[in-house]
Amino acid sequence: MRKPIIAANWKMYKTFDEAVEFVEAIKDRIPSENKVDAVVCAPALYLPTLVEIAKETDLAIGAQNMHYEEEGAFTGEISPKQLEAIQVDYVILGHSERREYFNETDEAVNKKVKAALAHGIVPIVCCGETLEEREAGLTEKKVTNQVKKALADLSPEEVQHIVIAYEPIWAIGTGKTATADDANAVCGHIRQGIEELFGKDVAENIRIQYGGSVKPENIEELLSKEHIDGALVGGASLQVESYLKLLEAGANA
Ligand SMILES: O=C(CO)COP(=O)(O)O
């Protein structure tokens with residue numbers, strides 16, 4: 001059985017004080033690490049502080065993006081080496097907002113995935129279709145292709161450490177959730193694609209999250225589905241009680 005992973009993606013929300021207050025408020029209320037992996041992916045400039053506060057608790061801290069180079073003349077960027085040095089555990093890669101607004105390509109995502117793994121950071125690799133693609137019946141093709149390109153040239157051993165997040169773009173921040181059955185079907189296709197590329201064991205072990213308007217009211221049904229192993233949550237991860245309810249659902253799934 002795959003352990004659920006519930007990750008908050010705070011995006012560009014919260015001031016420093018609000019972020020600190022949030023992590024202080026939840027750090028001793030996280031369900032056991034044996035039952036659920038709890039992650040908060042915060043704006044980069046808060047990471048060292050949040051890692052320090054969350055130390056010796058069951059909460060892990062993640063970044064929302066990174067560059068693939070170790071270091072260099074890349075003004076404004078943050079490297080995997082820098083994240084590793086402050087003990088960041090996870091990094092979200094290839095989020096649709098980064099692909100859309102910052103021109104992130106499948107090729108760049110692939111380089112970032114390799115760089116994260118080389119630095120012991122778990123990549124949460126995002127994929128998902130637009131509404132037009134869904135209506136044209138292209139969902140599975142789009143999503144499996146994104147995953148295939150993100151994981152290009154990796155070994156089965158490397159792939160099993162990765163987390164995939166299926167986030168239909170039309171469901172992000174819109175209040176529209178994919179039905180649990182639809183989300184499960186796409187996650188099942190992703191798993192199938194991974195089996196074809198990396199074998200049955202990897203496909204059975206890799207965790208696939210659903211993201212897109214996940215909230216305490218719908219998470220249980222989503223997590224009850226065979227191929228959904230967690231959630232990547234934006235809006236509903238910004239309030240303490242709401243995030244804790246999501247974690248509870250993960251721990252009980
Ligand atoms: O993009 C998301 C998480 O990465 C989903 O955001 P919402 O939960 O706000 O729809």
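Counting starts at 1 for both ligands and their atoms, in listed order.
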In terms of side-chain heavy atoms, does [X] have a donor or acceptor partner in [Y] at a distance below 3.5 Å?
X      : Y      : value
Thr49  : Glu52  : no
Gln160 : Glu157 : yes
His95  : Glu167 : yes

Tell me which donor-acceptor pairs under 3.5 Å the side chains of residues 37-46 have, and how far apart each pair is, sequence neighbours excluded?
{"from": "Asp37", "atom 1": "OD1", "to": "Lys3", "atom 2": "NZ", "distance (Å)": "2.9"}
{"from": "Asp37", "atom 1": "OD2", "to": "Arg207", "atom 2": "NH1", "distance (Å)": "2.8"}
{"from": "Asp37", "atom 1": "OD2", "to": "Arg207", "atom 2": "NH2", "distance (Å)": "3.1"}
{"from": "Tyr46", "atom 1": "OH", "to": "Lys14", "atom 2": "O", "distance (Å)": "2.7"}
{"from": "Tyr46", "atom 1": "OH", "to": "Phe16", "atom 2": "N", "distance (Å)": "3.2"}

Task: Shell of residues surrounding ligand 1, defined by a 4.0 angstrom heavy-atom cut-off that is strict - done: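 Residues near ligand 1: Asn9, Lys11, His95, Glu167, Ala171, Ile172, Gly173, Gly212, Ser213, Leu232, Val233, Gly234, Gly235.
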
Task: Residues which pass ring-ring contact (aromatic ring centres under 6.0 Å, His included) with Phe22, listed by chain and number, not counting sequence neighbours - done: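 Counting only residues at least two positions away or on another chain, Phe22 forms a ring-ring contact (aromatic ring centres under 6.0 Å, His included) with Trp10, Tyr243.
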
Task: Non-neighbouring partners of His67 that pass ring-ring contact (aromatic ring centres under 6.0 Å, His included), sequence neighbours left out - done: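 With neighbours one apart ignored, the set is Phe74.
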
